[in-house]
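See below for the structure under consideration.
Just so you know, these numbers use all the heavy atoms, side chains as well, and skip hydrogens, waters and symmetry mates.
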Amino acid sequence: MISTAPNRRRIFASVFPPASLEDPTPERKSSEDPGQGRWDRAWSVATTFLAIPDRGFEGIEDDLSRAPGKEVTKALAYLTDLEATIGEEGKRSIFDWYGGEVRRHFLKNFKGGLLNFLDHPDGLRKIVYCLQLARKIYFAPLMEYLLPLLDAAEQERVFVQQRRSFHMMVAYALPWPRLSTSLAREFTNHALTILGIDTLEGEENADDDVSVDNMEVDRRYSVSYQDWRDEPSAEVRMQMMTEGEDARVTATRERFLSLLNDLQLVGLGGDKAQKVFASVMNTMMTEFIRAAYTGQWEGPSKASQHLQHWIENVFARLVVQVLSIINVPESGTKEPDRLDVKLSDVEKWQESGIARLGALRTGELFDVIVEWPASSGAIEDLRHFTAHPAARFHVTHSFSAMLNRRLLHPGASTVEILQLYISIIRAFNLLDPKGVLLDRIARPIRRYLRDRDDTVKVIVGGLLADPADADGKTATGDTLVELSAELTKAHQNSMRDDSGELDWDDMNWVPDPVDAAPDYRKSKSSDVIGSLISLFESKEAFVKEMQNLLAERLLQKRADFDQELSVLELLKLRFGDNALQACEVMLRDIFDSRRVDAVVRNDQGLTRTPAVPTTPSNNRDTNMGDEDVPELHAKILSHFFWPELQGQEFKVPDDISQLQQRYAAGFASLKQSRKLTWLNGMGHVTVELDLDDRVFVDEVTTWQATIIYAFNSPAGDAVSKNINQLAEELEMSVPLVRSACLFWVSKRILAEVQRDTFRVLEVLPNEEDEGIGGTGVSATDDTAGGVSADTVAAAEAAAVAAAKESAEAAAMEKMNLYWQFIVGMLTNQGAMPLQRIVMMLKIAVPGGFPFSNEELREFLAGMVSKGNLEIVSGGNYKIVQ
C-alpha cells in the first residue's frame, strides 16, 4: 500500500502556498509582533518537515532520502540560532520538540510490535533489529539537518541528551523482567561455548533455547581437566588454556560481542545488562565446576590450579571484553586509565571458584569416603575450602546430615558402618590433621555404634581375622578383615613415633583451631584401632567378647594359633596384662593340652591308628576289636577362665564312654588335684560309613556322629528309629535329634520312611527310582531319599532354639557358682544395691565378673522369687534369715 499524504500536501500547497519567512501575511503584520511572526512561520515549516509519519517502517527509505528545501533550511537555521533565547517567553527548543515527536511516534508505532517479539524464541534479535531501524529513523534528521548547525560543544550536549532520551524511552516501553529473561537466555547460549562448556550435541546453532536455571544436560569443555592434569609442564598447561580456542569458539565470541554492541547502541546495555551478565557468569562458573570436576577424585589433585587458570585466562577474558562494551558512561567515552576488571577482582573470582569447588566436594563427600583411598584427590581439593570456620562448619554439618540419611539406619550392617568409619578416620586425618573435623563427624557415628549389639563382636572378629585375607579387601562377609592388618601397622607406627600427646621439640606445633569443641582432645598417637577400641567407656565389653571369640577359634581343629597369639600380645599393649589374663590362660591351656594329651594317651595305651568308623551297616560285622577302637584326643580347659561353652548334653556311645573313663583316669594320675568334666557337645568326629554301594567319610559334630552310631545294628539288620526313641535312648533333646537326622538325610545316609521315622539308605536309588523314593521305601513317601529345604531350615531353627535354652540354663548354672560370693557379701556387710554387688564381684572374682548388670539382676530376681533374697528400701538386696 502506497501512502498519498505527500501528494495531498503538494496539492494543498499549490492552492494555498505557505507564508514566506521574508513576507509575513498582512494579517499577522498588523496583529502580531514581527519577530514573533517570523518565529511562528519558521516553527511551522521546521516541524512540518521534521514530523515523523505514523506508518512504522513503511516507506522508510523515502523518508530518509528526502532533502529539505531552501525554506526548510532557513527555518532550521533560524530556530537553532535562537537556542540562546530558549528561556524567553513564547519560545521553544526545536530539539525538545523533536524529542517529544520521537517519543510519540515510538510509543504509537513500535511499542506494541516489540512487546509481541518478547515471547518469540528469537525475539531479542528481532527487537534489536527493530530498535536499530527506529534509531536510524529518529537520529538521521538530527545528525544531517540539526546538529551541523551547532558548534562542536553544543553538538555533543544535544546528541547525548537525545541519546539518553531514546534509551529511557526504550526502557519504558519494554518491561524489564521479560526482557531480562531473553537477555539471560541469549547470554547463556553464547557463554556456554565461549567458556568451554557445551552440550554433547554441540552448539553450532547459537539460537537454541537453554535455560539458565536448569542446565541438567552433560557438558564437555574445550580444555579437559583430565588432559590438563596429565600434562606435567606448567607452561604447556598454560598454553593449552590460552590457545585452546577453536574456530567455532572464535566465531561465537565475535557474534556475542557484536550483539553486545547492538544492545548498547539501542539502550539495552548499561547497568541492567551488566547485572544480567553477572548472573549468567555466576551460573556459568558453577556449571563449569560441576561439569569439569564432578567425579574427578584421583590424587594428586590439580583441580584448584586448573580452576584458577581457567578463571584468569578464560572467564576473566570474557568479562573484560563484555564490560568494555556495556560498561560505557553516558558520555560515550571512557577515561583512558579506567579498568573494568582489576587484579583484585580476578583474585576474588578465584576465591569464589575454590569455594564452589569445595561445595561440590562437600556434596560428593559421602561417595568420596566410600571410594577411599582412590578418591584422595577430592580430599585435597576440600582442604583449600576448609580454611575458614564457616566453611568447616558447613562441611561437618552437611556430611553429618548425609551420614544420618545414607548410613546410620537399620538397613546398613555393622560391618559396613565400621568400614566406612575407618575410611572417614583416614580421610579426615588428611583433611584436618588436628582432628577437629573428625571429632565432630565421629560423635554421632560412635553414639550409633554403641547402640548396636554386634559392634564389639565385629571389631574383635576383625582383629582376630587372618591378615592374609586382608590383602586387597576390607571386609569378607561379616568379618572386617582390614582390622587385623591395621592392628599390626598401628603398632609399628607407635614404635616409630612414641612422643606422646605433646612433643616439646616439635617446631611445627600449632594450637587447636578456634572452632574446636571445649572438650576436644587430640592425641598424636590416635589411630583407627584406638578409635574403635575407645567406642565404649569400659574395656570389659571388648575383653569379654575377646574371650568368647578366642574360645571359638581355639576349639577349632587347627595346627597353630600364631595369629591369635600375635593379636593378644598387641592388645596387651593397649589394655594391659591384667585385663587379658583370662585370654592368656586360654592360650596356655591349648598349648599345654597337646603335651598332656600325648602323655595321657601314651600312659593309657590309647595311641592307635586314626579313627575307625562308626558303621550303620547291615552287611558287615560291626564287632569292634582292638584295632577298631576310635582314637580319642582331648583339649583340657581351665573351667574358671574360659567363657561358658554352649554345648548340648547327651549320652555318648559306650565305646566312647569307656575311652573317656580311661583317659580321665590317666589324667587324674598325672594331675592329682584336678578332675575332668567332659563336654561331649563341643567335639568333632571323623566318621567313615561303609555302605553297600559307597563309603562316606566326613568330619561332623559329636552329636551328629552319636545319632548315626545309634543306627548301627550288631546283627546286621536294617534298623528304623523314630525321633522320640533316639531322644530317650541318647538322653538328647528332640529338636537336636531331628536336626541331626535331617543332616544325615541331606547327606543321603538316612531316609525318612515315615514322619519322624528314619532308617539307613544302604543303596542310593538310580535315576528311574528317584521318583518312587529309593530302595526299600514306599513309593507314596515323598520325603524318601531326600528332604525339603524348608524341613532342614525348620530343624536347624529348632536346634538353635534348643542350643539357646541349653546355653541359658548353663549360664544360670554358672551364675550359681557366684552365689556363695553374694551370700558371703550380704551376710558380712548387710544389704547392698545392685551396683555395689557388681563392683564387689569384680574385685573378688579372679579374672573379673563375666556377667552384665542385667544378667545379674535377672539372677537376683530369681533368688527373690525363691525366697532366698528380699528387696528392702532403696532397692537393696538382703539375705532372708
Side-chain angles (χ1 to χ4, degrees), residues 195-197 211-221 224-226 229 279 281-308 310-311 315 349-409 411-412 416-417 419-432 436-445 515:
L195 295 178
I197 310 168
S211 172
V212 180
D213 301 324
N214 188 23
M215 292 177 296
E216 297 298 334
V217 295
D218 292 333
R219 308 294 187 189
R220 58 182 172 84
Y221 32 94
S224 166
Y225 166 64
Q226 191 66 38
R229 71 180 298 276
S279 176
M281 294 300 286
N282 179 62
T283 304
M284 290 297 101
M285 180 181 291
T286 302
E287 176 64 14
F288 177 81
I289 292 172
R290 184 199 67 79
Y293 308 120
T294 298
Q296 300 290 333
W297 303 333
E298 63 274 13
S301 175
K302 297 179 181 178
S304 58
Q305 301 175 21
H306 178 262
L307 179 59
Q308 289 175 338
W310 178 81
I311 291 175
F315 185 89
W349 296 337
Q350 290 175 336
E351 293 176 1
S352 176
I354 295 298
R356 298 181 192 201
L357 177 60
L360 173 67
R361 293 294 184 245
T362 301
E364 298 177 321
L365 189 52
F366 185 87
D367 297 320
V368 168
I369 297 297
V370 171
E371 296 296 330
W372 185 267
S375 57
S376 60
I379 300 298
E380 296 176 19
D381 296 337
L382 207 53
R383 292 186 65 179
H384 299 284
F385 177 61
T386 55
H388 305 287
R392 293 160 64 87
F393 174 79
H394 172 70
V395 170
T396 54
H397 179 75
S398 174
F399 187 55
S400 296
M402 200 175 304
L403 286 176
N404 290 330
R405 186 173 66 254
R406 300 182 61 179
L407 182 67
L408 304 182
H409 56 78
E416 293 172 340
I417 297 175
Q419 182 178 340
L420 198 64
Y421 180 42
I422 294 172
S423 298
I424 289 174
I425 293 173
R426 292 170 175 167
F428 273 76
N429 281 336
L430 175 62
L431 177 62
D432 177 30
V436 174
L437 299 184
L438 177 60
D439 179 65
R440 292 181 191 167
I441 294 297
R443 293 192 181 198
I445 303 177
D515 56 340

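The shortest non-hydrogen separation linking Ile379 to Ala427 is CG2-O, 3.7 Å. For Leu357 against Ala303, the heavy-atom pair with the smallest separation is CD2-CB, 4.0 Å. Heavy-atom minimum distance, Gly377 versus Ser301: O-CB, 3.3 Å. When all heavy atoms are compared, the tightest approach of His409 to Arg405 is CD2-O, 3.8 Å. Between Leu408 and Asn404, the shortest heavy-atom contact is CD1-OD1, 3.4 Å. Of all heavy-atom pairs spanning Leu407 and Glu416, the tightest one is CD1-O, 4.4 Å.
Side-chain atoms of Ile354 and Asp381, non-hydrogen and from C-beta on, never get closer than 4.5 Å to each other. Between Met285 and Leu195 the shortest side-chain heavy-atom distance does not fall below 4.5 Å. Taking 4.5 Å as the limit, some side-chain heavy atom of Leu438 sits within range of a side-chain heavy atom of Asn429. Looking at heavy atoms from C-beta onward, Asp367 lies in side-chain contact with Trp297 at the 4.5 angstrom threshold. For the pair Thr362 and His394, the minimum side-chain heavy-atom distance is below 4.5 Å. For the pair Phe366 and Leu420, the minimum side-chain heavy-atom distance is below 4.5 Å. Within the 4.5 Å cutoff, the side chain of Ser400 has no heavy atoms near those of the Arg440 side chain. Using a 4.5 Å heavy-atom threshold, the side chains of Arg392 and Val395 count as separate.
Here Glu380 does not pair with Arg383 in a salt bridge; the nearest charged N to carboxylate O distance is not below 4.0 Å.
The structure places CG of Asp439 at 11.5 Å from CZ of Phe428, a figure rounded to the nearest 0.5 Å. The CD1 atom of Ile441 sits 7.5 Å away from the CG atom of Leu365 when rounded to the nearest 0.5 Å. With rounding to the nearest 0.5 angstrom, the CG atom of Leu431 is 12.5 Å from the OG atom of Ser376. Considering OG1 of Thr286 and CE of Met281, their distance stands at 11.5 Å, rounded to 0.5 Å.
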Evaluate the criterion side chain to side chain contact (heavy atoms under 4.5 Å, CB included) for residue pair Leu403 and Ile424; output intermediate values, then yes/no.
CA-CA 11 Å; Leu403 286 176; Ile424 289 174; 4.1 Å; yes

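In the model, Ser352 has a side-chain atom that pairs as donor or acceptor with a side-chain atom of Arg356 under 3.5 Å.
Side chain of Gln350 to backbone of Gln308: a donor-acceptor contact under 3.5 angstrom is found. In this structure, Tyr293 contributes its side chain and Leu360 its backbone to no donor-acceptor pair below 3.5 Å. Judged by distance alone, with hydrogens and angles left aside, the side-chain atoms of Glu364 form a donor-acceptor pair with the main-chain N or O of Gly295 at under 3.5 Å.
In this structure, the side chain to side chain contact (heavy atoms under 4.5 Å, CB included) partners of Ser423, at least two apart in sequence or on a different chain, are Ile369, Trp372.
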